[in-house]
Undergrad: 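Quick one: the structure is below, and I'll ask about it shortly.
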There are 2 protein chains.
Amino acid sequence: MSETTPALPREVTLEVRDRCLCFRAQRGARALGRRFDIALKPVGLTNGQFSILMSLNRPEPPRISDLAPFLAMDRTTLTAALKVLERRGLVESAADAEDKRGKRLRLSPRGHAILHEAMPIWRREHDAVEAALDGMDLETLKAALMKLGEL
Amino acid sequence: MSETTPALPREVTLEVRDRCLCFRAQRGARALGRRFDIALKPVGLTNGQFSILMSLNRPEPPRISDLAPFLAMDRTTLTAALKVLERRGLVESAADAEDKRGKRLRLSPRGHAILHEAMPIWRREHDAVEAALDGMDLETLKAALMKLGEL
DNA sequence: CATAATTAAGTTGATATCAACATGACCGAG
DNA sequence: CTCGGTCATGTTGATATCAACTTAATTATG
């Protein structure tokens, strides 16, 4: 006993700091999410709500379990998020006629309207972010992030 | 009143789907975080806890407000996360001798030990993720994510 | 058709995230 | 020295995140 644990060498920490994609992804996602949260605040949406509402704009109303993999989001997280959006009247849900286990989700008129309001903000903010990434290869970034989302 | 809101055109949704970095970053970060959470479970750490502990391994014990910008994390989020790590005895804190407002954070011996245990897992997992990104330009990805974290 | 396996959702409990607000410590101007 | 501004941190309330468990409906098997 009383065996002294050696301190984790500083070089190991620097190896992680230099390589870790997970850390960088969390960090970048937090910062970007915060930025869009602030920008979208005037219309009363968070970046996540904006993405969820946008993903509901489909010809065929999706079910929760269709959306979860698309958003790479846990199904139960989505359930909780939708509860808020339904309460606010932005999303409507109805039991699937074909399969009573399922639930079909669609944008309400107010849901459409709020997205309309949000679009100019999204465009302005997105342009600003792209400008800040000045010169970096956007296509590589987008492709890599999509790939990560499919892990 | 009763002015019918036009549905958000499908093309607008497709524009967002095609371009939105925020959506892709959240999605990728969720998937990647989940993956590391699962891999690190045997040692009892989440990806975020791993990153926080790792960022504490510095010659000079940092304060909360030094770490928050480094992690691009809200200060109060960090406070909450540290509470858990302190409770588990992985992190120790002490009031800054020079400035009693501040608090210096450092890894306990158990904190060092758990990082030791986590390292082989992190290496294996990170190698696997890099392999899955097969051929994509890692340096561009890392640089872009760092840049996003500084927004 | 009856029962087992599967599938879609919901619930619970723990942590994560952040804005808004509150407290106490430091510091500079007068 | 003291008062006003700033700084470091903490607290609260709302939502986000996910694993584990539960319920109800469907499907597959014998």
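What you see below is based on every heavy atom in this structure, not just the backbone, and it leaves out hydrogens, waters and symmetry mates. Just so it is clear: chains get the letters A, B, ... in the order the sequence lines come, proteins before strands, and each one is counted from 1.
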Undergrad: Out of the candidates A/Asn57, A/Leu90, A/Leu56, only one should pair with A/His112 under the side-chain contact (heavy atoms from CB on, under 4.5 Å) rule; please name it.
TA: A/Asn57
Undergrad: Main chain of B/Val91, side chain of B/Arg106: is a donor-acceptor contact present, judged purely on distance under 3.5 Å?
TA: no
Undergrad: Using a cut-off of 4.0 Å on non-hydrogen atoms, how would the nucleic acid contact of A/Arg104 be classed: base, sugar-phosphate, or nothing?
TA: nothing
Undergrad: Kindly say whether A/Glu92 contributes a backbone atom to a donor-acceptor pair with the side chain of A/Ser108 at under 3.5 angstrom?
TA: no
Undergrad: Give a yes or no on whether the backbone of A/Arg63 and the side-chain of A/Asp66 come within a donor-acceptor separation of less than 3.5 Å.
TA: yes
Undergrad: Taking the side chain as C-beta and beyond, is there a heavy-atom pair between A/Trp122 and A/Phe50 under 4.5 Å?
TA: yes
Undergrad: Set out, in order, the CA-CA distance, both residues' side-chain angles and the distance that settles side chain to side chain contact (heavy atoms under 4.5 Å, CB included) for A/Leu141 and A/Leu133, then state yes or no.
TA: CA-CA 10 Å; A/Leu141 175 58; A/Leu133 285 177; 3.9 Å; yes
Undergrad: Passes ring pair (Phe, Tyr, Trp, His ring centres under 6.0 Å), A/Phe70 versus B/Phe23? Steps please.
TA: CA-CA 11 Å; A/Phe70 176 72; B/Phe23 167 61; 5.7 Å; yes
Undergrad: On DNA chain D, which is the earliest and which the latest nucleotide, 5' to 3', with an atom closer than 4.0 Å to a heavy atom of chain B?
TA: D/dC7 to D/dA20
Undergrad: Could you run through nucleotides 21-27 of chain C and give me one letter per nucleotide, 5' to 3': B if any protein heavy atom sits under 4.0 Å from the base, S if only the sugar-phosphate is that close, - if neither?
TA: ---BBS-
Undergrad: With a 3.5 Å distance limit and no angle check, can you tell me whether B/Ser51 reaches the backbone of B/Asn47 through a side-chain donor-acceptor pair?
TA: yes
Undergrad: Taking the nucleotide of DNA chain C with the closest heavy atom to each, which residue, A/Asp37 or A/Ser65, is nearer the 5' end?
TA: A/Ser65
Undergrad: Tell me whether the OP1 or OP2 atom of C/dG10 has a side-chain N or O from A/Lys83 closer than 4.0 Å.
TA: no
Undergrad: Test: salt bridge (charged side-chain N to carboxylate O under 4.0 Å, His left out). Region: residues 34-51 of chain A. Which pairs qualify, not counting sequence neighbours?
TA: A/Arg35-A/Glu125
Undergrad: Closest heavy-atom contact between B/Gly28 and A/Leu148?
TA: CA-CB, 4.1 Å
Undergrad: Do any of residues 23-36 of chain A sit with a heavy atom less than 4.0 Å from DNA chain C, and if so which?
TA: A/Arg30, A/Arg34
Undergrad: Between B/Arg104 (side chain only) and B/Pro61 (backbone N and O only), is there a donor and an acceptor less than 3.5 Å apart?
TA: yes
Undergrad: Pull out every residue in residues 38-48 of chain B that has a heavy atom closer than 4.0 Å to any atom of DNA chain C, ordered by number, or say none.
TA: none
Undergrad: Take A/Glu139 and A/Lys142 through the salt bridge (Lys or Arg N to Asp or Glu O under 4.0 Å) test and state the conclusion after the steps.
TA: CA-CA 5 Å; A/Glu139 291 313 312; A/Lys142 290 196 292 184; 3.4 Å; yes
Undergrad: Tell me which pairs pass side-chain hydrogen bond (donor to acceptor under 3.5 Å, both in side chains) where either residue lies in residues 17-31 of chain B, with sequence neighbours left out.
TA: A/His126-B/Arg19, A/Asp127-B/Arg19, A/Glu130-B/Arg19
Undergrad: For A/Leu78 and C/dA8, what is the distance between atoms CG and P respectively, to the nearest whole Å?
TA: 14 Å
